[in-house]
Amino acid sequence: MYLYNTLTGRKEEFAPLRDNTVRAYVCGMTVQDSPHVGHMRVFTVFDALFRFFKALGWDVVAVQNFTDIDDKIISKAAEEGIDWRFLADRYEQEYREVARRMNFLPLLHPRATQHIQEIVEMIQAIIDNGYAYVREGNVWFSVRKFARDYGYGKLAKMSLDEMMAGARVEPDPTKEDPLDFALWKAHKEGEPYWYSPWGKGRPGWHIECSAMSSKHLGLPLDIHGGGRDLIFPHHEDEIAQTEAATGQTFARFWMHVGLLTFRGEKMSKSLRNYFIAKEILAEYSPDTLRHLLLSAHYRSDLEFYPEKLREHAKAVARLKDALARVPEDAEEDASFRDDLHAALKDDFNTPEAFGLLFSALDSPTPSKLATVRGFLRMLGFRLGEEEKDDTLERLVALRLDARRRKDYALADTIRDVLKAVGVELMDTPEGTKVRKVR
RNA sequence: GGUGGCGUAGCCAAGCGGUCUAAGGCGGCGGAUUGCAAAUCCGCUAUUCCCGGGUUCAAAUCCCGGCGCCACCUCCA
């Protein structure tokens, strides 16, 4: 298995370091808003990757945090006039519901606010080691000091000068150096706080991931991942904090998923060009979204547009139609499966594998199709699991009756209406077949 | 301004020195089939990979120079 490692800038052979178990940490949501399809891309990629690891015979222990305290959660809760915990919980629940529908493997989902103790201990260790200082209740990380001893910018591949050149933010007056970042923020009136050796306050961004990953997985992590936009500063700072606290290597492999784009630009809150996952899933199946999100190599940016869901729904429907004709107990074609696995073993090249899948449809044999089915299930597709739909069945019966009476106007109307919601009716010699394309 | 990445058919997207007169999906076109459709099946849909040079027996793939786009440097998956 080869994976591209952001840290080294190369594809490297990957295997878990110990116990045949992959220890992985994926940066999860800051639960300040509804998860959108851009978020889904990262989590879908890692879900499919972890499933592939299992297929290779490795165990997987993976952590995906919820960051449930930060500036935006506080300010948004204040705007809405509700408790910040209520707001964080609302979006955490929304994420969990979306994750359930997306068929994500259950992971460990620790919350930042449940690890204040570990966070405080880690900050104390950093202070004790001389890489942080306290100013008016704030604790700042000494970037230049750490840089001298360990090197800073290893992941982002940036020099301190380059970071300074781009600095656009007014530095906090209590910082010794504009590069320094907050480990602990002093309490402000009206904001939530926890007690610490440095007074009341709350954790900075970054530190919760260092604390929770070390605690739940142990160092070094085999894999640490997230969206590419987290490389700097978030992941660079996680490395700095963890190494400054423990002196140990933080993570062996760093994996970064490319961004979802809309009309060529990054999908983001500020551009307001994002699509809410829950709303997409109300109209299209999780398999369709999964297929779309895995249709480009995970490191590339991927263009998203709503009509694209329709395109992928068609593609998935074709696969399902082909698989419906193969008995469950058909033998798989080992050589074909090896080809599919070879694509994934090369830095998880899912588009390559999908290409092979559709090519197999041109010369279908039961064993090839059985392999297609096994492969898709392995990647987390649910395929044929359709829920029973009474209303749909009645409409189909009503239309059948209309056709018998040669009332084609009514029959066609029913068919058109259903088609508009992604349900295609097909009249065959064996009767009317229902095909869901969504 | 600095750093990194990308530019492949109408759209999306693999390939990254020879098996490429370039996968696959969607769309489109023609035919079989059909109450009409849909699905399915058959055939077609880039002699060419942003442009211009170069290296090589051989380049979409490497090098140089343009042009265009994007990301990060600030919160972002």
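Side-chain atoms are counted along with the backbone in the values below, which use heavy atoms only and exclude waters and symmetry mates. We name chains A, B, ... by the order of the sequence lines, and we start the count at 1 in each one.
A/Leu259 comes within 4.0 angstrom of a nucleotide base, judged by non-hydrogen atoms across all strands. Residue contacts for A/Leu357: at a heavy-atom cut-off of 4.0 Å it reaches no nucleic acid atom on any strand shown. As judged by a 4.0 angstrom heavy-atom cut-off over every strand, A/Gly226 is placed among residues touching the sugar-phosphate backbone only. No engagement by A/Lys269 is indicated, since no non-hydrogen atom pair under 4.0 Å with the nucleic acid exists. The residue A/Arg41 sits apart from the nucleic acid: no heavy atom pair falls under 4.0 Å. Counting any heavy atom pair closer than 4.0 Å across all strands shown, A/Arg399 reaches a base atom. A/Ser359 comes within contact range of the sugar-phosphate backbone alone, with a heavy-atom separation under 4.0 Å but no base atom that close. No contact: A/Thr261 has no heavy atom under 4.0 Å from any strand. Base engagement by A/Tyr408 is indicated by at least one non-hydrogen atom pair under 4.0 Å involving a base atom. Note on A/Arg415: a base of the nucleic acid sits closer than 4.0 angstrom, heavy atoms only. When heavy atoms are screened at a 4.0 angstrom cut-off, A/Met267 is found touching base atoms of the nucleic acid. Nucleic acid contact for A/Leu356: none, since no nucleic acid atom lies under 4.0 Å from a heavy atom of the residue. If you check every strand for non-hydrogen atoms under 4.0 Å, A/Arg318 touches sugar and phosphate atoms only.
Counting only heavy atoms from C-beta on, A/Asp427 has its side chain closest to B/rC36 among B/rC73, B/rA71, B/rC36. You'll find that the side chain of A/Phe232 is closest to B/rC73, out of B/rC36, B/rC73, B/rG25.
Taking atom NZ on A/Lys433 and atom C1' on B/rU33, their separation rounds to 15 Å, with Å as the unit. Atom NE2 of A/His297 and atom C1' of B/rA14 are 11 Å apart (whole Å). For A/Asp416 and B/rA38, the CG to P distance is 11 Å, given to the nearest whole Å. Here B/rC26 presents its C1' atom at 12 Å from CG of A/Leu309, a figure rounded to the nearest Å. Going from atom CG of A/Asp229 over to atom P of B/rC72 covers 6 Å, rounded to whole Å. Look at CG on A/Asn349: it is 12 Å from C1' on B/rC16, rounded to the nearest Å.
Heavy-atom distances to RNA chain B give each of A/Asp70 and A/Ala315 a nearest nucleotide, and the one nearer the 5′ end belongs to A/Ala315. Positionally, the nearest nucleotide of RNA chain B for A/Pro364 lies more toward the 5' end than for the other of A/Pro364 and A/Gly264.
Atom NZ of A/Lys188 sits in a sparse spot, with 12 or fewer heavy atoms from other residues, nucleotides or ligands closer than 6.0 Å. Counting heavy atoms of neighbouring residues, nucleotides and ligands inside a 6.0 Å radius, atom CZ of A/Arg405 exceeds 12 of them. Heavy-atom contacts from other residues, nucleotides or ligands closer than 6.0 Å to OH of A/Tyr2 number 12 or fewer. The local environment of NZ in A/Lys154 is crowded, with over 12 non-hydrogen atoms from other residues, nucleotides or ligands closer than 6.0 Å. Atom CZ of A/Arg135 has more than 12 neighbouring heavy atoms from other residues, nucleotides or ligands inside a 6.0 Å radius. Taking a 6.0 Å sphere around NZ of A/Lys308, one finds it holds more than 12 heavy atoms contributed by other residues, nucleotides or ligands.
A donor-acceptor contact under 3.5 Å is formed by the side chain of A/Asp412 with the base of B/rG35. In the interface, the side chain of A/Lys72 is paired with the base of B/rC75 through a donor and an acceptor atom under 3.5 Å apart.
With centroids closer than 5.5 Å and planes inclined by less than 30 degrees as the test, A/Phe358 and the base of B/rG25 fail to qualify as a stacked pair.
Cation-pi geometry between A/Lys145 and A/Tyr131 is met: under 6.0 angstrom from the ring centre, within 45 degrees of the axis.
The base-pairing partner of B/rC62, taking Watson-Crick or G-U wobble contacts with both distances under 3.5 Å, is B/rG54.
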